[in-house]
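Each chain gets a letter, A, B and so on, in the order the sequences are listed, and its residues count up from 1.
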Amino acid sequence: MRWTQTYIPTLRQKQTEAELISHQLLLRGGYIRKLASGIYLYLPLMQRVIEKFSRIVREEMNRSGAIEIHMSVLCPAEIWQTTGRYMSVGKELMRMKDRHEHEFVMCGTHEETITTLVRGEIKSYRQLPMNLYQIQVKFRDEIRPRFGLMRGREFIMKDAYTFDATQESFDVSYGKMLDAYSRIFTRAGLETVKVESDTGAMGGKAAHEFMLLVETDGGEEVIMICDKCGYAANREKATFRDTVKIKADKEMKPTEVVDTPGAATIEEVTAFLKVQPYQLVKTLLYMADNKPAAALVRGDRDVNEIKLKNALGAIELELATPAQIEEYTGAPVGFAGPVGLKDVPLIVDPMVTNLTNFIVGANADQQHIINVNIDRDFKATKVIDISLAREGDGCPMCNSTLDAKSGIEVGNTFQLGTKYSEALGAKFLDAEGKEHPIIMGSYGIGITRTPQAVLEKYFDEKGIIWPKTIAPYLVEIIPLSMDNKAQVEAAEKIYDQLTEAGIEVLMDDRNERPGVKFNDADLIGLPIRITIGDKSLKEGKVEVKARSEDKVEKIGLDSVVPAVVKLAERLN
RNA sequence: CGGGGUGUGGCGCAGUCUGGCAGCGCGCUUGCUUUGGGAGCAAGAUGUCGGAGGUUCAAAUCCUCUCACCCCGACCA
């Protein structure tokens, strides 16, 4: 391809709308343009990157036995109402009506659609297992789109769905997808970590995410990782081993209400009463689906709201407002406690149950209660892990400690169980003629977000450095002067040779100064650059250079193809 | 939805407080020169100052309403 024949609108200046380096590079490199908040247009270079990555995904999905189909973007709302997600997904589900006033949703994921597709056709265990996938546009009306393609509202996703008759069969299908995912990300030049994750609105039994660990600001999630045993989990999901040594008193002391003037926060109370944070129990009031609930964690810990939400079975969860706190506890913020709190369920973290004679808010202004003991002074509605893991906590699987790392999610896998098949009646007959719901799994890969995630890793101060597998072209040819006949002829010749050898080439045939071409070449980041200028051409040579290296090799005009092939082999 | 901010030529911005010719840099067009890391000179073109309404002799500037976008939070791949 020739630069003047395609459309690569590079920008010199930084774009204020982009915070992340990867987003900035895509805009400046002429890969994408924004149409509206969270909605992007893919320009020719981006289109090629998407095509490259999609091809890798297709090849590996096909290799694992999955079959490609294509489903609709729209789906009758009725099906989403049947599975309950019409309610549970909330406002991010884009809803609309057609001219007949029939309600539709724009799919952000296709469990409902595919289960509907399959339920009529799959009747026998003999037709299973099956794995269907598509690469398609998704729409999620995110509250706050940001980071370019990383959190757009419209994006492209590969989504696969497995159907199995038995749990054993499902485990095999799930394992195949995990393997395919590892191969896909490796081929795209990414080292990913597989972590345990929360299932969220997707439902089902268990889930994993494939995370790219990054050092830039691009991380959107925190991953807890154990170096020793390999335990890795999204922070939302992570469990941990408590390493604080608690001295338990032998006897329960009588409770006592004490005045704590001006001491509402943990810091203020511990300073005032001269105690350690872990001798306190925090009582946080939440509103779960508009009903109050109290979360009790040890004073030195924070609440993991995802764990709490799951413990409560709630769809919406948010901290109570100061007014609501006064309404339910009778005291201002900072003095809530479990003792005497009426009509509010108490969700208690197990770490609280190990404490004796601890301190809680008194549900009265400027007062706390000391020497409180669970079961004697209040009863837990439910004891369940609701603490947020943090760096330095003990690994739940071994005796080491957890590290916190920043990551970008590029893929996910969900063990759906029979949630969708039961709701929509996708059932099969086993060998004995008994009817069962199909066991399902669902597997996503962000087709547009992954290449941007790649850029959080592959760049330098001048621009992008694509891994060769997803670069829009492998080679960029730069004739330094378009007015120089010898240079142009040499460039055309090399262009033809490379093209004939099946190598993808972009030739910068613009009538621009060398500096402009070099800078744009560095910005758009093709792996190999061939410079054609008088200096080398006098010796019958051109200059071949990898974007990722400083070294320049002078190559004879007729040896360019093998030199490029050889260089490409060495590159990432 | 809550908090903060921004809308001025294709891009980046100044001008707004204190109303008085709509500007700067880059880019763009033409010509000449130049050509190994974002050229020089000369001549040009380009704006409903986000939109609507109001105040005023006069509004980018003041007032009211409204729309879009960005950042922080909640949500989320």
Side-chain angles (χ1 to χ4, degrees), chain A residues 9-20 23 27-28 30 33-39 88-93 108-109 138-159 197-202 207-212 217-218 220-221 234 236 286-287 305-306 309 315-319 321 407-414 442-450 452-453 462-463 478-484 487 508 510-523 529 531-538 542-543 545 550 552:
Chain A
T10 56
L11 297 167
R12 293 193 180 191
Q13 271 154 325
K14 190 168 176 265
Q15 299 301 295
T16 39
E17 70 181 68
E19 292 272 303
L20 290 192
H23 185 194
L27 284 170
R28 288 225 297 129
R33 285 293 182 266
K34 186 178 70 178
L35 180 66
S37 182
I39 300 177
S88 69
V89 173
K91 287 182 185 161
E92 99 188 42
L93 183 63
T109 174
K138 297 278 184 280
F139 195 92
R140 295 182 190 174
D141 197 1
E142 295 287 347
I143 291 175
R144 179 144 96 92
R146 63 186 122 171
F147 304 150
L149 306 182
M150 214 85 98
R151 179 159 327 293
R153 293 194 289 174
E154 186 181 285
F155 55 100
I156 302 175
M157 190 160 109
K158 183 284 306 175
D159 46 325
S197 66
D198 184 65
T199 55
M202 198 65 87
H208 291 96
E209 288 172 348
F210 282 75
M211 307 292 305
L212 172 69
D217 298 332
E220 40 152 24
E221 287 177 29
N234 189 314
E236 295 176 345
Y286 282 88
M287 297 304 292
E305 295 190 356
I306 303 292
K309 194 167 158 181
I315 293 168
E316 300 280 340
L317 180 77
E318 55 187 6
L319 268 172
T321 62
I408 298 170
E409 180 180 351
V410 287
N412 54 30
T413 60
F414 292 93
S442 119
Y443 314 83
I445 288 181
I447 297 291
T448 37
R449 106 178 326 215
T450 301
Q452 186 179 333
K462 291 198 158 275
I478 301 182
L480 289 183
S481 168
M482 293 307 290
D483 295 333
N484 184 311
Q487 286 184 22
D508 191 346
R510 290 176 301 170
N511 198 2
E512 286 287 354
R513 298 175 65 80
V516 173
K517 294 190 179 188
F518 284 138
N519 280 303
D520 273 348
D522 289 340
L523 178 59
R529 185 180 87 190
T531 309
I532 298 163
D534 281 341
K535 277 187 201 165
S536 312
L537 203 55
K538 273 188 277 185
V542 297
E543 294 157 30
K545 177 185 171 299
D550 289 331
V552 176

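Taking atom C1' on both B:rC49 and B:rG9, the two are 10 Å apart, rounded to the nearest angstrom. For the C1' atom pair drawn from B:rA14 and B:rC24, the interatomic distance equals 7 Å after rounding to whole Å. Using P as the reference atom, B:rU61 and B:rA22 are 13 Å apart when rounded to the nearest Å. Annotation: B:rC41 and B:rG25 have their P atoms spaced 12 Å apart (nearest Å). With both ends at atom C1', the span from B:rG19 to B:rA59 equals 6 Å, rounded to whole Å. On the C1' atoms, B:rG47 is 29 Å away from B:rG4, given to the nearest whole Å. As rounded to the nearest Å, B:rG50 and B:rU34 have P atoms that lie 45 Å from one another. Comparing the P positions of B:rC28 and B:rA74 gives an interatomic distance of 44 Å, to the nearest angstrom.
Nucleotide B:rC32 has B:rG40 as its partner under the Watson-Crick or G-U criteria, with both atom distances under 3.5 Å. Using Watson-Crick or G-U wobble geometry with both donor-acceptor distances under 3.5 Å, B:rA68 finds its partner in B:rU6. In this structure B:rC75 sits in no base pair that meets the Watson-Crick or G-U test at under 3.5 Å. Pairing for B:rG27 is absent, judged as Watson-Crick or G-U wobble with the two contacts each under 3.5 Å.
A:Lys91 comes within 4.0 angstrom of no nucleic acid atom, judged by non-hydrogen atoms across all strands. Heavy atoms of A:Gly407 sit nowhere under 4.0 angstrom from any nucleic acid atom. Counting any heavy atom pair closer than 4.0 Å across all strands shown, A:Met157 reaches no nucleic acid atom. At a threshold of 4.0 angstrom between heavy atoms, the contacts of A:Glu209 with the nucleic acid are absent. Residue A:Asn484 is classed as having no contact, given no heavy-atom separation below 4.0 Å to the nucleic acid. No contact: A:Thr413 has no heavy atom under 4.0 Å from any strand. Across all strands shown, A:Arg529 has heavy atoms under 4.0 Å from base atoms, whether or not it also approaches the sugar-phosphate. Within 4.0 Å of A:Gly533, counting heavy atoms only, lies at least one base atom of the nucleic acid. The residue A:Asn519 sits close to a base: some heavy atom pair falls under 4.0 Å. Residue contacts for A:Lys462: at a heavy-atom cut-off of 4.0 Å it reaches a base atom on one of the strands shown.
A:Glu92 pairs by the salt bridge (charged side-chain N to carboxylate O under 4.0 Å, His left out) definition with nothing, not counting sequence neighbours. Every residue was checked against the salt bridge (charged side-chain N to carboxylate O under 4.0 Å, His left out) condition with A:Arg12, not counting sequence neighbours, and none meets it. Residues that satisfy the ring pair (Phe, Tyr, Trp, His ring centres under 6.0 Å) test with A:Phe210, not counting sequence neighbours, are A:Tyr181, A:Phe185. Shown here are the salt bridge (charged side-chain N to carboxylate O under 4.0 Å, His left out) partners of A:Arg529, two or more places apart in sequence or in another chain: A:Asp522.
A donor-acceptor pair under 3.5 Å is absent between the side-chain atoms of A:Arg140 and the main chain of A:Leu93, judged by distance alone.
Both A:Arg28 and A:Thr199 lie close to RNA chain B; mapped to their nearest nucleotides by heavy-atom distance, the more 5′-ward contact belongs to A:Arg28.
A straight line from NZ of A:Lys138 to C1' of B:rC76 spans 16 Å, rounded to a whole angstrom.
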What does the B/S/- profile of nucleotides 5-16 of chain B look like, 5' to 3', with a 4.0 Å heavy-atom cutoff to protein? ------BSS---

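Within the structure, every pair that satisfies the side chain to side chain donor-acceptor pair (under 3.5 Å) test and touches residues 144-157 of chain A, not counting sequence neighbours, is listed here: A:Asp141-A:Arg153, A:Arg151-A:Glu220.
Residue A:Thr531 places no side-chain N or O under 4.0 Å from the OP1 or OP2 atom of B:rG36.
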